[in-house]
Amino acid sequence: MRLPQIRLESQFAQIQMNTQPAIQSIEQPKADLDIQQPTAELHIDRFPSKLNIDQSEARADLDLKTIKRRIEEFAQTGYQDLLEGIARRAQEGNELMRIENGGNTIASIAKQNGKLFPTHDITIGFIPKLGSVKIDYEPTKLDIQWDVKKPIINTQIKKPIIDYQPGNVDVQIKRYQDLKIDFENLKFTGINYEQRI
């Protein structure tokens, strides 16, 4: 005995998608850069050294004096002798004024005048004397000045070049859905029925 059967066959719909990717292009032009460096300036002021050697005292110790110095010394010695002579004659005048008081005033004055001749003491010394040569030294001086100049920088920036092409998606139905129904061994009032949807 055959049993009645219902057969269902279904098929799902299928979608087909075709995509075209987007294209993007970016180009960055190089910036224009201009750099200028002015040269620095160097200023140097030099003051030369000075060396002064004064050996006039050493030469004077060796009796190698200049005419000017000899005249100055003679004038000073003459002035000093003048003052001493005036003082001596004033003192002798005072003594002669009192001659009536007694004593041997003229002989005493003559004895004192006999001692006026110069006497010299001889000693051992160093010629020239230590420290008679005077040395004065000023070292060289340098004044260095730099005039540093800043660089001159000019920059021109360029915008990027952007090219964009959008993508595309194409959607289609590749296969439609389908449902198939079969009736087998079914009897409806004696008629076999087969339906397809």
Side-chain angles (χ1 to χ4, degrees), residues 24-163:
Q24 183 176 11
S25 173
I26 300 176
E27 182 181 353
Q28 177 62 63
K30 293 182 179 179
D32 292 334
L33 181 62
D34 181 22
I35 300 177
Q36 297 178 2
Q37 177 61 65
T39 56
E41 295 181 2
L42 174 64
H43 304 283
I44 299 177
D45 292 329
R46 180 180 176 272
F47 302 96
S49 59
K50 293 181 181 180
L51 175 62
N52 296 323
I53 300 175
D54 185 7
Q55 57 182 359
S56 59
E57 292 297 325
R59 292 177 60 86
D61 290 344
L62 296 173
D63 200 27
L64 298 174
K65 302 175 183 177
T66 61
I67 296 298
K68 179 181 178 183
R69 181 160 181 173
R70 285 189 187 275
I71 292 172
E72 289 175 355
E73 289 181 356
F74 288 154
Q76 183 67 28
T77 303
Y79 182 69
Q80 190 66 31
D81 290 343
L82 172 66
L83 294 179
E84 290 177 1
I86 293 173
R88 183 173 49 83
R89 282 175 177 75
Q91 182 181 359
E92 291 175 358
N94 289 335
E95 291 178 2
L96 289 174
M97 281 194 311
R98 296 183 189 88
I99 198 169
E100 70 275 1
N101 293 335
N104 197 358
T105 304
I106 295 176
S108 175
I109 291 174
K111 186 178 179 181
Q112 290 177 1
N113 288 338
K115 295 180 181 178
L116 293 179
F117 296 105
T119 59
H120 298 284
D121 295 330
I122 298 174
T123 58
I124 298 174
F126 296 99
I127 298 177
K129 292 181 289 191
L130 184 64
S132 60
V133 178
K134 297 177 182 177
I135 299 175
D136 183 23
Y137 175 71
E138 294 181 9
T140 302
K141 294 181 181 178
L142 289 178
D143 184 15
I144 301 175
Q145 298 291 334
W146 281 97
D147 186 8
V148 180
K149 296 183 180 179
K150 295 182 178 179
I152 302 172
I153 301 175
N154 294 321
T155 305
Q156 185 178 0
I157 300 174
K158 295 184 179 179
K159 294 182 179 180
I161 301 172
I162 300 174
D163 183 19

What is the distance from atom CD of E92 to atom CG of N94, rounded to the nearest 0.5 Å?
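Between atom CD of E92 and atom CG of N94 there are 10.5 Å.
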Hey, could you give me the OG/CG distance between S56 and D61, rounded to the nearest 0.5 Å?
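If I round to the nearest 0.5 Å, the distance is 9.5 Å.
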Let me have the donor-acceptor pairs involving side chains of residues 136-147, under 3.5 Å, with sequence neighbours excluded, atom names and distances please.
from : atom 1 : to   : atom 2 : distance (Å)
T140 : OG1    : S49  : N      : 3.2
D143 : OD1    : Q145 : NE2    : 3.1

With a sphere of 6.0 Å drawn around CD1 of I157, does it hold more than 12 non-hydrogen atoms of other residues, nucleotides or ligands?
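No, not enclosed.
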Filter on salt bridge (charged side-chain N to carboxylate O under 4.0 Å, His left out), then keep only pairs touching residues 62-82, sequence neighbours left out; what's left?
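Every salt bridge (charged side-chain N to carboxylate O under 4.0 Å, His left out) pair that includes a residue of residues 62-82, provided the two are not neighbours, is E57-R69, D63-R70, K65-E73, R69-E73.
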Sequence neighbours excluded, every pair satisfying salt bridge (charged side-chain N to carboxylate O under 4.0 Å, His left out) that has a member inside residues 26-54:
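Non-adjacent pairs meeting salt bridge (charged side-chain N to carboxylate O under 4.0 Å, His left out): D32-K158, E41-K149.
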Please report the closest heavy-atom contact between A58 and S132, naming both atoms and the distance.
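It is CB-OG, 3.4 Å.
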